[in-house]
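Structure first, then comments.
Computed from heavy atoms alone, side chains included, the values below leave out hydrogens, waters and symmetry copies. Numbered from 1 within each chain, the chains take letters A, B, ... in sequence-line order.
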Amino acid sequence: MKNDNLKIAVYICHCGGNISDVIDVKRVSQELATYPNVVIGKEYAFMCSSTGQDMVIEDIVKSGINRVVIAACSPALHEATFRGALKRAGINQYLYEHVNIREQASWVHKKDKEGATLKAIALVKAAVEKMARQDELNTIKVPTTQRVAIIGGGIAGMRAAISSAAAGLDVVLIEKQSHLGGKLKRSSAIYPTNETAASVVETLEGLIELNAKIKVFCNAKISSISGFAGNFQINFEFDEAKTEKVEAGVIIIATGFDHYKPYEGEYAYGLSNRVVTLPVFIDIMGTSAEKKLIYDGKTINRIVFVHCVGSRQIDGIDNAQDNGKVNDYCSRVCCSSALFTINKLKDKYPDVDVMDIYSDMRSYGMEHETYYENASKKDILFLRRPLEERPTITPLPDGTFSVKTVDVLTWNEELELIADMIVLVTGMIPNEITDLLEYMKIPRSSDGFIQEVHPKLRPVESANKGIYIAGTALGPMDIIETLQASNTASSKAVALLSQPEIHMDPFVAVVEEDKCSGCGLCPQECSYEGALCMRETDVNGNVKMVASVNQALCVGCGACVAVCPTRAINVAGWTLDQFDAMVEAIAKG
Amino acid sequence: MSLKVDTGFIKKIKKYGAFDISACFNCGNCTAVCSLSKEDASFPRKMIRLAQIGAEAEISSSLEPWLCTYCGECSTTCPRQAYPGEFMMSLRRFLISKYDVTKISSFFYKFPFIQNILALLVFIVSLGAFISYHGDFAVLSQKIEVIFPFYISLALLSYIFIMYKRVIFDKYKKVLVSFKMKTILPTITQILKQIMFAGCTELDLWRGMAHVLVMSGYLLTLVISVFHILEPLTIHYNWLSLQSFLVFYSTGAIVLGGLSMMARRTIKKSPSSMFSHSSDWLFVLTIFLIGFSLLITHLANIVMGPQAHGVEMLYKINVAIEVAWILIIVPFTKWIHLFFRPIAIYLQHLKEERDLV
């Protein structure tokens, strides 16, 4: 196909030597230079460098190039770079094709230079054929609702609400319980500031009450969530029987965590009242009398703390959880929390002997190491067990417990401790939010917490655009980290809603209405609710049922394209005609 | 069989001096720098861990504390400021109190002021008795000095008996001895090394010198008294006599070494002198006074002659201090470690020999 209007430029990048050491780049560029519709064929050491980009811009401006193909690294690295160059040169940025001849040719065919070169030629030719059939495309613009809906009124949700409102957004805070504050609505002290949890919650509550931009709904139960980035709808009931529908541009999930609850018999849990979990023990200590620790009618002189209960479990050693898996993750905050509590305990009751069985002491936070140091100076006996060993706890007839544990620090000898009370340092588990995740179509990670897209490149972002995650819904973290994640989520919300419209890539399904027979096969194939439906439309004076795409909801997967008998539906930028030409080009070589 | 943990034991050990040992988290830096640590890398941290978990029986039958020469490298290297060197010293004090069937050592360590008062009382009572004695003091002093070695030997033998029982008999349920060169030789080498203070001097020259001075001076004083080399109340010595030479060396060494030790304990610069138990002060001060009073007595003898009233008084003071020293101080403090290190080395080899079989 020869088209006089087409002026395609092809550039082959050496990528230092990553490509040119294997592929004969000169041969590729020369062969492509004579290919139909190609007017420029060049090779260069680093196309991504400013010199390389300037070369492209100059060719566009001076030689009237209107399609660009660059064969280089993965498009994940530099596709956006070169689209930017096209934009700066004044032409449509989607008239660009990025061919990956590094990962897909030079790196994988190191020993077959000839084969790699031929493969590169075929791939670049296919790209040229694709570009010969490429139309100008424009980003999709969707108007946004300037409101953030936050699910969960614990400290993560409260912080996100205040930060989002501070940026001028309306906020709706939806909480399932009758009060804000979540797990921090308690009188115990929290590290590192040593203030009571309740006082922190009260301060935030005060800020929320004063803020007219934040609307709080308590006792709420969400019944449905629909829509897309910039335009979500949330339906929920609140305060018994009242219903509400909220429109929001962004959703922040701040549903928090749950404490691991040991099963009966796990480290003697449930066999005696004096086997308690750490959160329960913190509450006991908060209300116990001065001087003597008396609990369950017994004066407590010796306490054994057992770390990693419900965390860092091992398949085959620990019982599987409800989801059929063991909790093999580290809950991270429990070590510091236990050490902080032990220090409090020793300050209040210096005569109580404390023994602490751990596997690895992970007091990772800023200054958390001092909790360990202070505890060890207060005569706490630390016992390190091998990761795969479990202490056995047996209640004795006299009301005490015999705790047997293998101690690495005593050359893997088995030691026997006698204790009056056992504190199980329990970890964090995901909250039960299956319905919510299903409404929003958000996947969990293997640990059961919500999965973020990429912890470094796209932190707190869910797989669904416009939905962010704050706090322990993401995984175990302490209050400080929770607040950091909250502020990250709210700043992402602010960034997304900072413009009245959201811009999205144009690679979505497009229907040629005159070709559409109205058979209705494609909506059945679509996995994205609301993205594709059949609608009565006037086509050139002929009213008929045709497929209709909601561009904001379509992800461009192409499932509809595969079932269309009349080739009426295509993904923009990836049309069937383009695929046909590419396959043909590759077949010819 | 699992070891029973006793969290109260560490508090007990701290009474003997090791106040910071709970801070130890078993990193092993002490073991890495210690010249005594072997392939199993257990010295000295095994002792620390045993104390932390409260394995009193294991510690009571251990020999390791006696092998430590307290160079202080471990304490300097310890990242937790747990002072393992001082801990080992505390274990030596603890072991003495375990070997002592009378339990007087343990009592003195826990209530050091009583030991101080008793030493002072014994000194005053003896001096009073000597002053009111109207017979020939030269004869009496000879008789007293003959008793000293018997008294010390009795105490020492009882300690060694208990030590042997705990370390060997209780473990193997039989009496073991060995005359193999492999076992005897290191013991003799240790005695010689100890006399020359090899092993600690290379690290701290001042400490080594002070040790050599005090010990050589004191041993010579013992020889002088046990063999009646000196008779300050009957013979008039001149500056250049052989006896004068011996006395000047022994007392001079004690005075210099004693002053030096006191200075070190005051300055507290090196790990071995950083922490002073009350008994350490009592020991250094008393040995200094023994040397000093003998020196003055001898000088008075040379200048004024044996019959002068002052000479007899000075000599009585000297002997009275010695009585307090022998009765109250020597058997009940770690001074006795001098004898235990070679014995510990012998028993260690005995155990190794036996364990091979």
Side-chain angles (χ1 to χ4, degrees), chain A residues 300-305 335 339 342-343 346 349-358 360-363 369-385 389 391-394 396 400-421, chain B residues 1-32 37-59 61-62 64 75 78-84 86-87 90 355:
Chain A
I300 309 296
N301 295 316
R302 288 157 300 180
I303 304 184
V304 168
F305 282 72
C335 281
L339 290 171
I342 286 170
N343 276 300
K346 286 296 274 189
Y349 308 107
D351 294 333
V352 171
D353 284 338
V354 178
M355 293 155 275
D356 185 286
I357 302 171
Y358 69 98
D360 295 292
M361 192 58 83
R362 294 182 168 175
S363 48
E369 190 60 22
T370 55
Y371 306 148
Y372 176 81
E373 202 167 322
N374 292 342
S376 72
K377 283 182 178 159
K378 287 170 188 159
D379 278 357
I380 312 301
L381 179 62
F382 289 103
L383 303 133
R384 184 175 187 185
R385 65 167 172 83
E389 295 282 350
T392 52
I393 300 176
T394 320
L396 300 176
T400 61
F401 302 91
S402 155
V403 182
K404 288 188 177 171
T405 186
V406 176
D407 184 29
V408 174
L409 302 178
T410 316
W411 316 273
N412 292 316
E413 289 274 354
E414 188 184 70
L415 304 184
E416 184 183 5
L417 328 166
I418 301 296
D420 304 313
M421 190 168 183
Chain B
M1 254 308 274
S2 45
L3 270 172
K4 287 229 173 184
V5 167
D6 173 12
T7 45
F9 182 68
I10 194 81
K11 291 168 196 157
K12 216 182 214 177
I13 285 291
K14 285 182 178 186
K15 293 216 170 89
Y16 292 88
F19 47 88
D20 271 335
I21 203 62
S22 304
C24 167
F25 59 13
N26 247 278
C27 68
N29 270 323
C30 51
T31 300
S37 124
K38 293 186 188 138
E39 300 87 58
D40 67 347
S42 64
F43 193 94
R45 65 172 161 174
K46 184 171 185 175
M47 285 290 116
I48 301 177
R49 190 59 186 168
L50 287 175
Q52 284 179 335
I53 65 166
E56 184 166 354
E58 278 73 10
I59 286 186
S61 63
S62 67
E64 284 88 340
S75 291
C78 177
R80 302 281 291 175
Q81 284 81 50
Y83 297 105
E86 185 56 22
F87 167 75
S90 311
D355 290 343

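Residue A:I380: no heavy atom, backbone or side chain, is found under 4.5 Å from chain B. Using a 4.5 Å cut-off between heavy atoms, B:I53 contacts chain A through both its backbone and its side chain. Using a 4.5 Å cut-off between heavy atoms, A:D379 contacts chain B through both its backbone and its side chain. Residue contact with chain B, scored on non-hydrogen atoms closer than 4.5 Å, involves the side chain of A:M355 exclusively.
A:R384 contributes atom CZ, which lies 10.0 Å from atom CG of B:N26 (distance to the nearest 0.5 angstrom). Remark: A:L417 CG to B:S2 OG distance equals 9.0 Å, nearest 0.5 Å. Atoms CZ and CG, from B:R49 and A:L415 in turn, are 7.0 Å apart once rounded to the nearest 0.5 Å. With rounding to the nearest 0.5 angstrom, the CG atom of A:N301 is 9.5 Å from the OG1 atom of B:T7. Note that the NZ atom of A:K377 and the CZ atom of B:R80 stand 6.5 Å from one another [nearest 0.5 Å]. Expressed to the nearest 0.5 Å, how far CZ of A:F382 lies from SG of B:C24 amounts to 12.0 Å.
Other residues, nucleotides and ligands place more than 12 heavy atoms under 6.0 Å from the NZ atom of B:K14.
Ion pairing of B:K11 with A:D353 is present here, as a side-chain N (NZ or NE/NH1/NH2) and a carboxylate O approach within less than 4.0 Å.
Between B:A23 and A:S376, the shortest heavy-atom contact is CA-OG, 3.9 Å.
Per-residue counts of heavy-atom pairs under 4.5 Å with chain A were compared for B:D6, B:D20, B:V5; the largest is that of B:V5. Contact count versus chain B (heavy atoms, under 4.5 Å) is highest, among A:V403, A:V354, A:I418, A:T410, for A:T410.
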